[in-house]
Amino acid sequence: MLKEHDIPFTYREYTAEPLSRAEIEAALSALGMTVRDVLRMRDAKKAGFTGKESDDVLLDAMVVNPRMLQRPIGLLDGRAALGRPAENLLTIVHGSAAS
């Protein structure tokens, strides 16, 4: 979708190069979301988590098992958007998904 709008981007293969805890925390801050807001429950359950664990436990688990993190997450100049739906990614470039 970003290619369709001629928006340059860098894709990071999250399973080969997982985000660090600091990167996840920075993304959460930019998103204005909590750990549970970005927790992918299907994958958390597969890993033995209920989603009721502490933020610290879930953050550490996301570092070890990046599939537990909702994706994609777009980051640009301190702004962030969760790409579900994908049009949300346009908000960090244009300010609204309708652009």
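Keep in mind that this is a model prediction, so the values were computed, not measured.
Separation of atoms CD (Glu17) and OH (Tyr11) is listed at 11.0 Å; rounding is to 0.5 Å. Here the straight-line distance linking atom CD1 of Ile92 with atom CD1 of Ile73 works out to 10.5 Å at 0.5 Å rounding. Considering OG1 of Thr10 and CG of Leu75, their distance stands at 11.0 Å, rounded to 0.5 Å. The CG atom of Leu31 lies 11.0 Å from the CD atom of Gln70; values are rounded to the nearest 0.5 Å.
The two residues Gly78 and Ala30 have their closest heavy-atom pair at O-CB, 3.6 Å.
Linking ILVMFWY side-chain heavy atoms closer than 4.5 Å, directly or via other members, places Leu90 and Leu82 in two distinct hydrophobic clusters. A continuous path of ILVMFWY side-chain contacts below 4.5 Å connects Leu39 to Leu69, so both sit in one hydrophobic cluster. Cluster annotation: Ile24 is connected to Met41 through the hydrophobic network of ILVMFWY side chains, with a link wherever side-chain heavy atoms come within less than 4.5 Å. Under a hydrophobic clustering in which Ile, Leu, Val, Met, Phe, Trp and Tyr are joined whenever their side-chain heavy atoms come within less than 4.5 Å, directly or via other members, Leu19 and Phe9 fall into different clusters. Grouping the Ile, Leu, Val, Met, Phe, Trp and Tyr side chains by contacts below 4.5 angstrom, directly or via other members, places Leu76 with Leu89.
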Enumerate, atom names and distances included, each donor-acceptor pair closer than 3.5 Å involving a side-chain atom of residues 46-61, sequence neighbours excluded.
| unit_1 | atom_1 | unit_2 | atom_2 | d |
| --- | --- | --- | --- | --- |
| Thr50 | OG1 | Lys52 | N | 3.1 |
| Thr50 | OG1 | Glu53 | OE2 | 3.3 |
| Glu53 | OE1 | Thr50 | N | 3.3 |
| Glu53 | OE1 | Gly51 | N | 2.8 |
| Glu53 | OE2 | Thr50 | N | 2.9 |
| Ser54 | OG | Val57 | N | 3.2 |
| Asp55 | OD1 | Arg36 | NH1 | 2.4 |
| Asp56 | OD1 | Arg21 | NH2 | 2.5 |
| Asp60 | OD1 | Arg21 | NH1 | 2.7 |

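The stretch residues 72-86 participates, sequence neighbours left out, in no salt bridge (charged side-chain N to carboxylate O under 4.0 Å, His left out) pair at all. Counting only residues at least two apart or in different chains, salt bridge (charged side-chain N to carboxylate O under 4.0 Å, His left out) contacts with residues 63-72 are absent.
Scored by the side chain to side chain donor-acceptor pair (under 3.5 Å) test, Arg12 finds Glu23 as partners (sequence neighbours excluded). Thr34 meets the side chain to side chain donor-acceptor pair (under 3.5 Å) test with Asp37; sequence neighbours excluded. In terms of the side chain to side chain donor-acceptor pair (under 3.5 Å) criterion, residue partners of Asp43 (sequence neighbours excluded) are, by chain and number, Arg40.
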